[in-house]
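These notes concern the structure reproduced below.
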Amino acid sequence: MAVTIDGSAGVTTNTGAVYNSIQTGTAVTASGASVDFTNIPSWVKRITVTMTGISFAAVGVARIRIGAGSLVTTGYAGGLVGVATTPAVSLDSLGASPEGIAGLSASAAGTVVTGQFILINVTGNTWQCTGSVVRNTDTAALNISNGWIALSGTLDRLSLVATTSTFDAGTINILYE
Amino acid sequence: MTHRIVVDVQTGEVTQVEYTAEEQAAYDAAVAAQAEASAETPAETPVEPTEGV
């Protein structure tokens, strides 16, 4: 038996109630300069971005960006650390161009990236994001990033943007709740 | 011309949207700026490990 609940005004459950609140987006193959997830419901408080086998057509940098009505390209804060096997460490400010709430450091063409980013609504329209990805074809590097931003309105979109390259493979999707 | 993939999470509709001339110009400028910056500074600068941190 199917039961439909209009939760637009909130849903109250008894203590101990079991429910599945996680919604799955549509997995797509990454191509072009960005993959944009739009029409994200206003009640969403947490978004998980999953990436499997994402690669760049040329040397590329990628950023996770969000927006309310349109994608926001500035006003982010945070940092991105890349650790490789040489050993080498790269440090990028997410508040400097190219900005984003999280991201990937410069990756060579053919580099395969897999990982997750988790965005959490802190309060109002302020969002934080943390995530880590591994680059498993060039130097087995690990990228860890943490950023935040206060949007001017309710989040309704999220994008993985290749700021200086294009994607040529891999699958990306979001879970939201 | 560069494009973007747009996914409507509520309907599941997936579309490929070509960049406008304006968007393409901005993208090309970003690529050129990145290439120039990369020529001046390596993308990943090795850092000496610090003990006790």
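Naming convention: chains lettered A, B, ... in sequence-line order (proteins, then strands); numbering from 1 in each chain.
- A/Val72 and A/Val161 are not part of a single hydrophobic cluster, where members link through side-chain heavy atoms under 4.5 Å apart.
- Note: the hydrophobic cluster containing A/Val28 does not contain A/Val112 (ILVMFWY, side chain heavy atoms under 4.5 Å, direct or indirect links).
- Residues from residues 41-57 of chain A that place a non-hydrogen atom less than 4.5 Å from a non-hydrogen atom of chain B comprise A/Pro41, given in numerical order.
- In this structure, the portion of A/Ala162 lying under 4.5 Å from any heavy atom of chain B is its backbone and not its side chain.
- Put simply, OH on B/Tyr27 and OG1 on A/Thr164 are 6.5 Å apart, with the number rounded to the nearest 0.5 Å.
- Under the 4.5 Å side-chain heavy-atom criterion for grouping Ile, Leu, Val, Met, Phe, Trp and Tyr, A/Leu155 is not connected to A/Leu175 through any hydrophobic cluster.
- Of the atoms belonging to A/Val35, heavy atoms from both backbone and side chain fall under 4.5 Å from chain B.
- Taking CZ of B/Arg4 as the reference point, atom OG of A/Ser31 lies at 12.0 Å (rounded to 0.5 Å).
- For A/Tyr176, the part sitting under 4.5 Å from any heavy atom of chain B is the side chain, from C-beta outward, and nothing else.
- Contacts of A/Thr166 with chain B are made by both backbone and side-chain atoms, with heavy-atom separations under 4.5 Å.
- Under the 4.5 Å side-chain heavy-atom criterion for Ile, Leu, Val, Met, Phe, Trp and Tyr, A/Leu94 and A/Leu160 are members of distinct hydrophobic clusters.
- Considering A/Asn39, A/Thr26, A/Ile40, A/Asp36 in turn, A/Asn39 is the only one that fulfils the side-chain contact (heavy atoms from CB on, under 4.5 Å) rule with B/Asp8.
- Only the side chain of B/Val14 comes within contact range of chain A, judged by heavy atoms closer than 4.5 Å.
- No single ILVMFWY cluster, assembled from side-chain heavy atoms under 4.5 Å apart, contains both A/Phe117 and A/Val61.
- Heavy-atom distances place no part of A/Ile172 under 4.5 Å from chain B, backbone and side chain included.
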